[in-house]
Amino acid sequence: MSNSSDVHQLAEVMLMSRNESWPEDEVIGPVSVTRNNILKPGMEYVNKSLSRNNQWNLSVGMNGSDVELDHGEGWMLGTVDLVVVVVYFVGSLGLGLWYGRKNRSDPVQYFLAGRSSSWQLVASSIYASNISSTQLVGMAGSAYTQGIAVYMYEWMGSPVLVVMAYVMLPGLIRSQVFTLPELLQLMYCPAARYYFSAINIVINIVMQTAGSLYAGALLLQVLLPNWELWHIMLALGSLAAFYTVLGGLTAVMVTDAVQAVLLLVGSITMTVCAVMKAGGWNAVVAAQPPGHFSMIRPLGEPSVPWLGLPGVFLLGVYFFAINQFMAQRMLSVSSVEHGQWAAMVTAVLKLLGLFIIVVPGLAARILYPNLSHGDLVYPTLMFDLLPTGLRGLVLSGFLAALMSMLDSTMNGCATLFTMDFIRPAFPNMTQGTLLKVGQVTTVVVMLVAVAWAPQIRHFPMLFQYLQQVLAYTVAPVLALYIVGFFWQGGTPTAAMATLAIGTLAGLAFFLAIEVFQLFNFHFLYVPSILLVLSIMILVIVSLLDPRHKKKVDHLQKRPALWSLKEFREETKALKKKPLWQNYRLQSVVVLIITFAILIAFW
């Protein structure tokens with residue numbers, strides 16, 4: 001799960017050059033900031049100049065709108081680096097188009113890969129889509145400044161996926177729905193479906209797609225100084241949209257599988273180089289301030305206090321289990337077994353985040369002890385530490401994380417809009433027309449994200465609020481799913497009352513804590529409070545609703561998504577299978593490793 005408190009901070013770092021409050025002279029690791037009262041041709045009076053070891057120079061005009069970047073060879077890619085990056089782009093694009101060429105015949109093939117995906121493909125795709133470019137930058141930066149507490153967001157993904165395999169996956173896959181909001185219609189009513197689908201689309205465009213485009217383009221602009229920022233974002237978005245439009249979910253998952261391997265190789269390379277350069281593991285450990293190697297933090301901790309861990313878990317449930325662009329892969333599996341195996345493999349991959357994302361940030365405390373902002377860690381390690389060749393490999397891993405996020409969110413939004421809004425509104429629409437709607441929607445999502453992303457620089461405070469908005473909004477929807485999986489008695493009236501009251505309560509918390517700052521209350525405490533409130537509303541209103549007492553047909557037709565009887569039947573079936581195919585045994589191993597890491601870094 002991406003750490004929402006770190007998303008897009010790289011954008012803030014790049015925007016600091018426009019900040020009037022910067023001192024006249026400052027040294028930030030390998031970056032120096034000096035007052036440079038000179039006049040550049042075509043620019044207003046220059047008041048700030050950034051230089052990095054005389055390898056690049058960034059001049060910022062008095063009004064903050066004129067920027068000029070001059071660079072030397074220090075931050076440029078060598079020939080080998082360029083070859084690696086080009087091979088990555090051409091290879092992943094060609095592979096996606098080749099495997100996706102046959103999956104354009106109907107909505108099941110296009111949006112859900114024919115419901116025939118294997119556990120290997122699903123696991124690698126989920127992992128690659130989960131690790132965004134902003135997460136690589138944000139988690140390394142948080143580790144540099146606050147220690148390994150940020151790893152709790154990754155660590156919590158493991159128990160979340162185990163719970164998902166036991167409770168949600170069997171009913172979810174049997175339901176044969178196209179989208180997670182569609183499941184709310186089966187449980188409650190169409191209005192709940194439309195509400196959550198609309199919220200999902202907005203969040204995925206504004207936060208995930210646009211944010212990843214912006215953060216990735218800012219880093220790439222160092223290599224492409226003559227390109228406008230929106231040109232880079234349009235190029236990245238167009239490339240991801242190209243194979244997503246043509247190949248659908250199959251193309252997305254195949255390219256994600258390749259990108260997952262590249263992401264792992266690039267991240268491992270970064271970790272090994274950083275730790276070796278810092279003097280080895282013992283040197284890295286010795287250099288950390290007290291508490292930096294502790295995952296469990298006290299209540300006053302600003303990052304992840306221990307009382308906020310239930311909130312982290314709930315955000316993980318939202319992200320993996322009911323967020324369309326992630327859960328769509330599980331809807332595409334060929335069987336429940338493959339979905340459960342995929343969940344176990346992904347759970348293990350999530351645990352690697354400590355070693356391949358967080359550790360480089362810890363090593364950077366030795367290599368670059370004077371960085372003023374943690375999110376300078378990842379780009380500095382990439383361009384200053386790595387030699388030619390490895391730099392291209394790690395950059396390709398960064399691009400892989402970026403492209404996986406983009407193709408996943410675009411395909412997820414297209415699926416939501418097409419299957420949750422267009423198909424119900426036009427039930428007689430042909431399958432071919434539905435596919436065209438989905439393809440056009442993919443392009444529209446990309447263009448909207450590209451158009452919105454540059455605005456982040458003009459509204460930095462607004463975007464900081466958007467980073468935490470999930471904590472204040474997802475609890476009412478989570479309550480509907482959690483109760484709906486175990487209880488068939490929830491009514492449409494109760495569902496809408498839960499969404500309305502829960503959303504208003506979340507808005508009240510948001511305004512009081514984040515906007516007006518009436519009291520000091522960590523945002524991770526909010527999801528648990530809102531969840532309890534929402535469940536109480538759902539159950540009480542349902543019991544008071546006459547439709548619940550009369551057992552109307554709507555309630556009788558609702559599927560039982562989890563039952564003890566089916567769990568026992570699954571137990572009998574698992575006894576007949578080899579141990580290595582038993583997901584429950586796999587889950588025990590996963591949880592042992594998970595909690596062993598927690599104990600080791602308590």
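What's counted below: heavy atoms across the whole structure, side chains too, no hydrogens, waters or symmetry copies.
Without hydrogens or angle criteria, Gln324 side chain to Gly412 main chain gives no donor-acceptor distance under 3.5 Å. Ser587 places a side-chain N or O within donor-acceptor distance of the main-chain N or O of Arg584, the cut-off being under 3.5 Å. Although no hydrogens or angles enter the test, the distance criterion places no donor-acceptor pair under 3.5 Å between the side chain of Gln328 and the main chain of Thr179. In terms of modelled atom types and a separation under 3.5 Å, the side chain of Tyr188 and the main chain of Leu480 share a donor-acceptor contact. A side-chain donor-acceptor contact under 3.5 Å links Arg115 to the backbone of Gln176. When atom types are taken as modelled, the side chain of Thr415 and the backbone of Phe111 share no donor-acceptor pair closer than 3.5 angstrom. In this structure a side-chain-to-backbone donor-acceptor pair under 3.5 Å is present from Thr209 to Asn204. No donor-acceptor pair closer than 3.5 Å links the side chain of Ser408 to the backbone N or O of Met405. For the pair Ser124 (side chain) and Leu121 (backbone), a donor-acceptor distance under 3.5 Å is present. Checking side-chain atoms of Ser332 against main-chain N and O of Arg329 turns up a donor-acceptor pair under 3.5 Å.
The aromatic ring centroids of Phe319 and Phe325 lie less than 6.0 Å from each other. Taking the six-membered ring for Trp and the full ring otherwise, the centers of Phe523 and Phe509 sit at least 6.0 Å from each other. Side-chain rings of Trp562 and Phe485 stay apart, their centers remaining 6.0 Å or farther from each other.
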For this session: In sequence, state the C-alpha distance, the side-chain angles, and the governing distance for Phe313 and Trp155, and then conclude on ring-ring contact (aromatic ring centres under 6.0 Å, His included).
Result: CA-CA 10 Å; Phe313 180 84; Trp155 181 90; 9.7 Å; no

For this session: Apply the test side-chain hydrogen bond (donor to acceptor under 3.5 Å, both in side chains) to residues Tyr472 and Glu514: give CA-CA distance (whole Å), side-chain angles for both, the deciding distance (0.1 Å), then the verdict.
Result: CA-CA 10 Å; Tyr472 298 93; Glu514 303 294 344; 2.7 Å; yes

Problem set entry | Worked check of side chain to side chain contact (heavy atoms under 4.5 Å, CB included) between Tyr110 and Asp106 | CA-CA 6 Å; Tyr110 186 79; Asp106 61 75; over 6 Å; no

For this session: Given side chain to side chain contact (heavy atoms under 4.5 Å, CB included), test Leu351 with Tyr151 step by step and report yes or no.
Result: CA-CA 9 Å; Leu351 297 176; Tyr151 172 63; 3.8 Å; yes

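Defined by atom type and a distance below 3.5 Å, a donor-acceptor pair is missing between the side-chain atoms of Tyr127 and Ser404. Looking at Asp407 and Tyr243, their side chains do bring a donor and an acceptor atom within 3.5 Å of each other. Inspection of the Ser129 and Asp256 side chains reveals an N or O donor paired with an N or O acceptor under 3.5 Å.
Using bins of under 30°, 30° to 60° and over 60° for the plane-to-plane angle, the ring pair His338/Trp341 lands in the tilted bin.
For the residue pair Ser158 and Val590, the shortest heavy atom distance occurs at OG-CG1, 3.3 Å.
We find that Lys575 and Glu570 are not joined by a salt bridge, their nearest charged nitrogen and carboxylate oxygen being 4.0 Å or further apart.
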